[in-house]
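Working notes, beginning with the structure itself.
Source: prediction; values computed, not measured. Reminder, nothing fancy here: chain letters follow the sequence lines and each chain counts from 1.
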There are 2 protein chains.
Amino acid sequence: MDDRAATDLAMLVLRAATEVVDGIQEGMAARGYDDLRPAHGFAFARIAAADTTVVDLAEHLGTTKQAASQLVAGLVDRGYVVREPDPRDARARLLRLTEAGEACTRAAEAAAADVVAGWNEVLPRASLGALHAMLRRVVTPGPLRPAW
Amino acid sequence: MDDRAATDLAMLVLRAATEVVDGIQEGMAARGYDDLRPAHGFAFARIAAADTTVVDLAEHLGTTKQAASQLVAGLVDRGYVVREPDPRDARARLLRLTEAGEACTRAAEAAAADVVAGWNEVLPRASLGALHAMLRRVVTPGPLRPAW
DNA sequence: CGGTCTGGTCAAGTTGATTGACCACATGGT
DNA sequence: ACCATGTGGTCAATCAACTTGACCAGACCG
């Protein structure tokens, strides 16, 4: 694979990601969630894990803890997240998704599935599975954060 | 492909894009370009095409023309772009990459190729070609703009 | 206990983008 | 030829997300 094809592949990945993000955003809006940005989705993914604190979230998103704190404040205001005391550390406050937050997560997953369903129409089912397998091998596990 | 696998695939694409963007950013910094954001790269790609105006660029990036104008002003200040009069329209100003701008574009392409080269190590050459072919079929051609 | 580290927030400043106003020139009809 | 309207572009003010800096309360450790 020469440089030309390599950069071309990189651009295809970026373009695919643009489609995924735009598609999710559209799908979310269609489902009534028009007050959330992609960054919120990445935050939801981390908060869904047990015992998440603001500092954990900041690290996950690659921002400062202040930025994470502000983002959480917004989610709390909108009823997607609650702050609960940490039984083991009186300083810390554990973040947890409310029922609304979980519903929102399900909507985002459905929207993402819709985008891939569109791909399924132009690509045989087996190829989509192969695509999945190849990406899993290529991609190093790591945080999924706003990238550009 | 069920919903679970579909959303999983969508997340893999996002994660792959995160790697590409971060890798390019690192590679650019290593080559001495530490004053450019990913958005600038997308602008370069459009400006490289003949007869690009600020309005064209704004449409490509999905922003307002004012934002595009500011972005261009920054690139002009840093010597990557020049504004030239349009022989056919005295209002318009055609954008063109300087030699520095073209060198920068080459550096970005090299950095992107480096990222893909890393993938080549964990995936057989033929599979990488297949990945390329599948993405090309799946992805609808369109602007490559900052997405999240 | 006192010193230091860590989780978290408040406050102010920075930056990229937006809305609104405006000018110079193009275009099309009369 | 002229005026109405549309388009390319910039200036100015505002907005929103994020940053740096300061700070407090509680944990950890000698």
Side-chain angles (χ1 to χ4, degrees), chain A residues 18 21-22 25 33-44 46-47 49-78 80-96 143 145-148, chain B residues 18 21-22 25 34-44 46-47 49-78 80-96 143-148:
Chain A
T18 300
V21 172
D22 288 355
Q25 207 63 12
Y33 297 98
D34 57 353
D35 59 345
L36 293 171
R37 288 171 301 119
H40 293 127
F42 302 132
F44 275 46
R46 185 65 181 82
I47 296 174
D51 291 353
T52 302
T53 67
V54 166
V55 175
D56 292 336
L57 185 59
E59 193 170 342
H60 179 77
L61 295 176
T63 68
T64 60
K65 57 182 181 176
Q66 290 90 332
S69 183
Q70 289 175 19
L71 190 145
V72 167
L75 293 178
V76 170
D77 284 347
R78 281 173 255 177
Y80 295 123
V81 172
V82 286
R83 286 184 264 236
E84 298 179 334
D86 185 336
R88 292 186 198 82
D89 187 338
R91 296 169 304 175
R93 311 177 69 174
L94 298 181
L95 304 176
R96 194 171 55 78
R145 59 171 188 274
W148 71 74
Chain B
T18 300
V21 172
D22 288 354
Q25 206 64 12
D34 57 353
D35 60 345
L36 293 171
R37 287 172 300 118
H40 292 127
F42 302 132
F44 275 45
R46 185 64 182 83
I47 297 174
D51 292 353
T52 303
T53 67
V54 166
V55 174
D56 292 336
L57 185 59
E59 193 170 341
H60 179 76
L61 295 176
T63 69
T64 59
K65 57 182 181 175
Q66 291 89 331
S69 184
Q70 289 177 21
L71 190 145
V72 166
L75 293 178
V76 170
D77 284 346
R78 280 173 255 175
Y80 294 123
V81 173
V82 286
R83 286 184 264 236
E84 298 179 333
D86 185 337
R88 292 188 197 79
D89 188 336
R91 295 169 303 174
R93 311 177 69 174
L94 299 180
L95 304 176
R96 194 171 54 78
L144 193 56
R145 58 170 186 274
W148 70 75

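Within the 4.0 angstrom heavy-atom criterion, no nucleotide atom of any strand lies near A/Arg88. Across all strands, A/Thr53 comes closer than 4.0 Å only to sugar-phosphate atoms, never to a base (heavy-atom distances). Within the nucleic acid shown, B/Thr64 comes within 4.0 Å of at least one base atom, counting heavy atoms only.
Qualifying ring-ring contact (aromatic ring centres under 6.0 Å, His included) partners for B/Phe44, counting only residues two or more places apart in sequence or in other chains: B/Tyr80. A search for side-chain hydrogen bond (donor to acceptor under 3.5 Å, both in side chains) contacts involving B/Arg96 returns B/Glu84, not counting sequence neighbours. Remark: A/Arg78 engages no residue in a side-chain hydrogen bond (donor to acceptor under 3.5 Å, both in side chains) (not counting sequence neighbours). A/Arg145 is linked by a salt bridge (charged side-chain N to carboxylate O under 4.0 Å, His left out) to B/Asp22, counting only residues two or more places apart in sequence or in another chain. Shown here are the side-chain hydrogen bond (donor to acceptor under 3.5 Å, both in side chains) partners of B/Asp89, two or more places apart in sequence or in another chain: B/Arg91.
From the 5' end on, the contacts that DNA chain C makes with chain A at under 4.0 Å to a non-hydrogen atom open and close at C/dT6 to C/dC10.
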Give the B/S/- string for nucleotides 2-7 of chain D, one per nucleotide from 5' to 3', where a protein heavy atom under 4.0 Å of the base yields B, of only the sugar-phosphate yields S, and otherwise -.
----BB
Side-chain atoms of residues 51-67 of chain B: list all donor-acceptor pairs with protein atoms under 3.5 Å, sequence neighbours left out, distances to 0.1 Å.
from, atom 1, to, atom 2, distance (Å)
B/Thr52, OG1, B/Arg46, O, 2.9
B/Thr52, OG1, B/Arg46, NH1, 3.1
B/Thr52, OG1, B/Ala49, O, 3.0
B/Thr53, OG1, B/Val55, N, 3.4
B/Thr53, OG1, B/Asp56, N, 3.2
B/Thr53, OG1, B/Asp56, OD2, 3.2
B/Asp56, OD2, B/Thr53, N, 3.1
B/Thr64, OG1, B/Ala67, N, 3.2

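The CG atom of A/Leu94 sits 11.5 Å away from the CD1 atom of A/Ile47 when rounded to the nearest 0.5 Å. Here CG of A/Asp34 is found 9.5 Å from CD of A/Gln25. Values are rounded to the nearest 0.5 Å. Atom CZ of B/Arg93 and atom OG of B/Ser69 lie 8.5 Å apart (nearest 0.5 Å). Separating the CZ atom in B/Phe42 from the CZ atom in B/Arg37 is a distance of 11.0 Å, to the nearest 0.5 Å.
Of all the residues in residues 67-76 of chain A, A/Ser69 reach under 4.0 Å from DNA chain C with at least one non-hydrogen atom. Sorted by residue number, the list of members of residues 34-41 of chain A with any non-hydrogen atom under 4.0 Å from DNA chain C is empty.
The shortest non-hydrogen separation linking A/Ala43 to A/Leu71 is CB-CD2, 3.8 Å.
We find that CD of A/Gln66 is positioned 17 Å from C1' of D/dA16, with the value rounded to whole Å. For the pair A/Leu61 CG and D/dC18 P, the computed distance is 9 Å after rounding to whole Å. Between B/Glu59 atom CD and D/dG9 atom P the separation is 12 Å, expressed in whole Å. Atom pair A/Asp86:CG and D/dA27:P shows a separation of 10 Å (rounding to whole Å applied).
Using a 4.5 Å heavy-atom threshold, the side chains of B/Leu95 and B/Val76 count as separate.
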